[in-house]
Protein chains: 2
Amino acid sequence: MASQHRVVIVGGGFGGLSAALRLGRAPVEVTLVDRCNYHLFQPLLYQVATGTLSPANIASPLRNILKRHKNTRVLLAEATGIDAANRRVILSDGSIEYDTLIVSTGSSHQYFGHDDWEEFARGLKTVEDATDMRRRILLAFETAERETDPEKLRAYMTFVIVGGGPTGAELAGALAEIARDTLRRDFRNIDPSQARIILVEGTDRVLPVYPPKLSEAARKMIERLGVIVRTGAMVTDVKKESVTVREGDRTETIPTRTVLWAAGVLGSPLGRIVAQETGATIDKAGRVSVEPDLTVAGHPEIYVIGDLANFVHQTGKPLPGVAQPAIQEGRYVAEAIARRLRGEKSRPFHYFDKGNLATIGRGAAVADLNWLQISGFPAWLLWIFVHLLYIVEFQNRLLVFVQWGWFYLTFDRSARLITGKNPLPLDL
Amino acid sequence: MASQHRVVIVGGGFGGLSAALRLGRAPVEVTLVDRCNYHLFQPLLYQVATGTLSPANIASPLRNILKRHKNTRVLLAEATGIDAANRRVILSDGSIEYDTLIVSTGSSHQYFGHDDWEEFARGLKTVEDATDMRRRILLAFETAERETDPEKLRAYMTFVIVGGGPTGAELAGALAEIARDTLRRDFRNIDPSQARIILVEGTDRVLPVYPPKLSEAARKMIERLGVIVRTGAMVTDVKKESVTVREGDRTETIPTRTVLWAAGVLGSPLGRIVAQETGATIDKAGRVSVEPDLTVAGHPEIYVIGDLANFVHQTGKPLPGVAQPAIQEGRYVAEAIARRLRGEKSRPFHYFDKGNLATIGRGAAVADLNWLQISGFPAWLLWIFVHLLYIVEFQNRLLVFVQWGWFYLTFDRSARLITGKNPLPLDL
């Protein structure tokens with residue numbers, strides 16, 4: 001084993017895991033490093049945040065997924081740095097040597113220079129983010145139920161979602177359904193359906209990466225659920241008890257206790273370290289520029305894939321930070337490594353764009369398949385089918401199916417638990 | 001509404017929830033106070049701790065369960081005290097008046113005067129306890145995988161369960177199955193089946209409340225799974241890196257990093273406050289003595305039920321702190337309140353003992369039905385049937401069924417996520 005080519009993959013998301021799976025039969029020694037012991041199906045994280053699914057439904061232990069790959073070991077560790085000269089990954093408790101390195105540590109949120117907003121406007125990237133968001137949403141209703149001051153009550157019943165991309169649209173739709181249907185008969189003093197849900201988007205339309213026609217369809221579906229959509233609106237401040245929004249010259253401060261952040265994305269810190277070590281350029285979103293074969297310029301032994309990579313594909317636009325590019329990149333890199341070991345050359349990475357899907361609520365979604373744009377119920381059926389198909393484990397597929405079936409029939413979200421640090425006395 | 005009789009129930013466990021459900025059609029105004037927003041099916045909590053089920057599978061939102069009961073409101077609040085003279089429950093953020101009070105706040109662990117042990121030997125009463133225990137168990141294997149020092153490795157691979165009652169036996173069995181089956185092919189450096197699992201019980205047999213024949217059967221089943229059972233063994237110290245056990249004159253210090261506490265039970269703090277306020281006696285386990293009608297002596301308006309009550313039933317022994325007595329007491333109290341309002345008298349509470357069930361592992365359980373004692377596979381089938389029957393929501397029943405089916409067929413526990421505070425660098 002010691003004489004074999006050592007591939008170290010940092011990050012077990014869609015990109016890293018795809019690479020690891022594809023390398024399972026290659027004559028290499030693979031180490032997958034992740035600080036979580038599971039692969040997370042991030043596209044459904046908003047369903048954990050809104051109480052439809054449990055974390056375990058969308059997370060599969062990495063060891064379990066890779067247990068049949070005898071050439072692969074999983075290391076539960078945090079990669080804190082890279083020593084490119086000596087080909088080592090620095091861990092928080094040790095280090096590990098590589099012959100080829102695949103960096104796929106993804107991204108987290110950014111607050112555009114306002115890191116103090118994070119405390120009041122948590123994003124949605126991890127299981128802990130999702131259970132925290134769930135806690136905040138449910139506690140807002142619980143606190144409202146006990147509030148007698150009408151102004152405070154209004155603030156507790158106001159939810160502001162920042163960012164009108166897929167995550168923001170999904171959160172807004174799910175939140176509206178919770179308020180209108182799931183919690184309908186749960187309270188005695190408040191009427192959850194009176195909750196104000198405000199979706200704030202900086203550009204002039206929701207789902208800005210979709211064709212305008214689908215953005216318009218999505219907006220209508222979101223508004224039909226009772227959500228107030230404000231496009232061309234920039235968030236200029238977030239405080240414990242309010243959000244300030246600027247539209248043109250008009251500035252408004254909205255009293256609210258629950259702000260959900262679905263806006264900026266920032267490449268993980270390891271990207272900056274890769275750039276420092278290799279001289280690669282890094283963009284404002286913290287993404288590392290890569291060559292046509294996904295390596296870092298001057299370092300053919302270092303690949304950067306997934307959200308963290310700034311790869312300009314055939315259409316001249318950078319690839320979006322979603323699952324499909326990451327999966328295809330992971331597979332491409334695995335094959336490129338195997339080819340190189342056989343002395344063969346690889347063609348540049350070519351992204352096959354299958355299209356984009358976003359859901360808004362029950363029976364409401366948009367799908368841009370490039371050759372076809374659909375919205376409404378057919379798009380929603382496609383969305384369900386694709387997401388069930390891609391969930392990693394068979395058992396999870398079955399469980400998610402049962403829970404979705406239940407939920408779509410009854411509106412009941414069974415996973416709406418307030419867990420974590422003791423929230424009492426109530427003080428959002 | 002204001003003129004109606006106000007019943008306040010503190011605690012939404014088996015006792016409190018049963019009372020609330022039974023009071024749903026009585027001419028009273030019911031307030032159920034709980035610091036959690038869900039009812040927890042505690043008998044299956046060990047399956048969360050060992051990665052078979054998700055918290056949401058065994059927890060149902062209280063508001064959802066009670067939403068059809070228009071006379072009932074749920075208050076998410078922590079009851080910190082009672083003012084019996086003024087008939088008020090003191091909350092951490094306010095207070096609430098009652099005409100009749102039902103105290104059903106249950107119990108937590110006790111460390112027999114060694115509260116410093118809790119840090120290293122967490123018990124299993126809440127969802128947070130269960131996910132923490134799951135984290136510790138999985139991290140022990142993860143750390144062992146990376147440990148090179150053989151002595152430390154042995155400590156990480158040693159699990160000590162303190163207490164040989166039902167919870168201890170269930171944990172020991174589940175842990176043995178995880179090590180032998182679930183994790184079998186997950187690691188590269190360690191063999192999880194070599195884990196040492198030690199069950200320590202102070203009395204001379206496991207499941208001491210069961211008939212000796214069933215204790216013997218249970219011990220054999222536990223040992224068949226590879227668990228080392230040590231009866232007549234007292235834990236005299238728990239430290240970060242070891243547990244000290246005394247058997248007769250022999251004292252041994254066992255190096256371990258994972259101690260699971262399934263021993264002492266202590267009534268919740270509200271019990272002591274009830275005793276102070278009413279003069280009721282309280283026993284060593286923190287349970288409040290109650291009259292034959294489950295009221296506190298001299299306070300016919302205060303009922304104490306469930307784990308927190310010290311009720312001596314017809315056989316002269318106190319009722320065990322399990323679900324059945326709590327459920328029956330809750331129903332009895334609800335009916336007693338309705339009768340009293342109609343001017344009728346109640347007969348004393350009579351416990352109908354349906355028997356006891358404990359499971360050890362796949363296909364292994366014991367059942368004491370009083371008229372019949374069974375063990376092994378038939379007892380296990382009965383255990384499954386009863387537990388599925390009692391899980392509160394239909395959807396949860398279905399989900400648990402699917403997950404059990406999957407798990408019993410494949411040995412795969414899909415919910416083995418390490419969540420919560422970032423565990424890295426590994427340091428148990």
Side-chain angles (χ1 to χ4, degrees), chain A residues 35-38 51 53-57 59-61 63-64 67-68 70 72-78 91-94 127-128 131 138-139 142-143 145-146 183-189 393-396 398-399 402-403 406 410 412 414-427, chain B residues 35-38 51 53-57 59-61 63-64 67-68 70 72-78 91-94 127-128 131 138-139 142-143 145-146 183-189 393-396 398-399 402-403 406 410 412 414-427:
Chain A
R35 59 185 175 186
C36 293
N37 75 328
Y38 48 81
L53 297 176
S54 280
N57 298 143
S60 307
R63 294 192 183 285
N64 196 41
K67 69 182 171 190
R68 284 190 179 76
K70 296 298 174 207
T72 306
R73 64 181 183 131
V74 175
L75 207 58
L76 183 71
E78 176 137 32
L91 309 174
S92 56
D93 52 353
V127 164
E128 286 77 12
T131 50
L138 295 170
L139 279 178
E142 292 289 344
T143 317
E145 171 81 350
R146 295 185 57 188
L183 300 181
R184 193 158 48 105
R185 293 193 292 188
D186 274 15
F187 294 90
R188 297 292 174 259
N189 301 328
E393 286 186 4
F394 174 74
Q395 186 214 3
N396 276 340
L398 187 62
L399 289 173
V402 169
Q403 279 172 103
W406 179 266
T410 65
D412 181 29
S414 68
R416 48 183 202 276
L417 312 183
I418 299 173
T419 56
K421 58 179 180 194
N422 197 329
L424 299 168
L426 293 173
D427 174 35
Chain B
R35 59 184 175 187
C36 293
N37 75 328
Y38 48 83
L53 297 176
S54 280
N57 299 142
S60 307
R63 293 193 184 284
N64 196 41
K67 68 181 171 189
R68 284 189 179 75
K70 297 296 174 208
T72 307
R73 65 182 181 132
V74 175
L75 207 59
L76 182 71
E78 175 138 34
L91 309 175
S92 56
D93 50 354
V127 164
E128 286 77 11
T131 51
L138 294 171
L139 279 178
E142 292 289 342
T143 317
E145 172 79 351
R146 296 185 57 188
L183 299 181
R184 194 160 47 106
R185 293 193 293 186
D186 274 16
F187 293 91
R188 297 293 174 260
N189 301 327
E393 286 187 3
F394 173 73
Q395 186 213 3
N396 275 339
L398 186 63
L399 289 174
V402 169
Q403 279 172 102
W406 178 267
T410 66
D412 180 30
S414 68
R416 48 184 204 277
L417 311 184
I418 299 173
T419 55
K421 59 181 177 192
N422 196 330
L424 298 167
L426 293 171
D427 174 35

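Chain letters run A, B, ... following the sequence lines, proteins first, then strands; residues in each count from 1. Computation of the quantities below employed the complete heavy-atom set of this structure, encompassing side-chain atoms and omitting hydrogens, waters and symmetry-equivalent molecules.
- Contact annotation for N37(A): only side-chain heavy atoms (C-beta onward) come within less than 4.5 Å of a heavy atom of chain B.
- Of the atoms belonging to T131(A), not a single heavy atom falls under 4.5 Å from chain B.
- Of the listed residues (R68(A), R73(A), R184(A)), the one with the most heavy-atom contacts under 4.5 Å to chain B is R68(A).
- Considering only heavy atoms from C-beta on, E142(A) comes within 4.5 Å of F187(A) through its side chain.
- Between the R146(A) side chain and the L76(B) main chain, a donor and an acceptor come within less than 3.5 Å of each other.
- To the nearest 0.5 angstrom, K67(B) atom NZ is 9.0 Å from K70(B) atom NZ.
- You'll find the side chain of R416(A) reaches within 4.5 Å of the side chain of D186(A), heavy atoms only.
- Neither the backbone nor the side chain of L53(A) comes within less than 4.5 Å of any heavy atom in chain B.
- In terms of heavy-atom pairs under 4.5 Å with chain A, the best-connected choice from N57(B), V74(B), L138(B), L75(B) is L75(B).
- The part of R188(B) that comes within reach of chain A is its side chain, from C-beta onward, which places non-hydrogen atoms under 4.5 angstrom from that chain.
- The shortest non-hydrogen separation linking L417(A) to P55(B) is CD1-C, 3.9 Å.
- Contact tally against chain B (heavy-atom pairs below 4.5 Å) for N189(A), T72(A), V127(A), L91(A): the top residue is T72(A).
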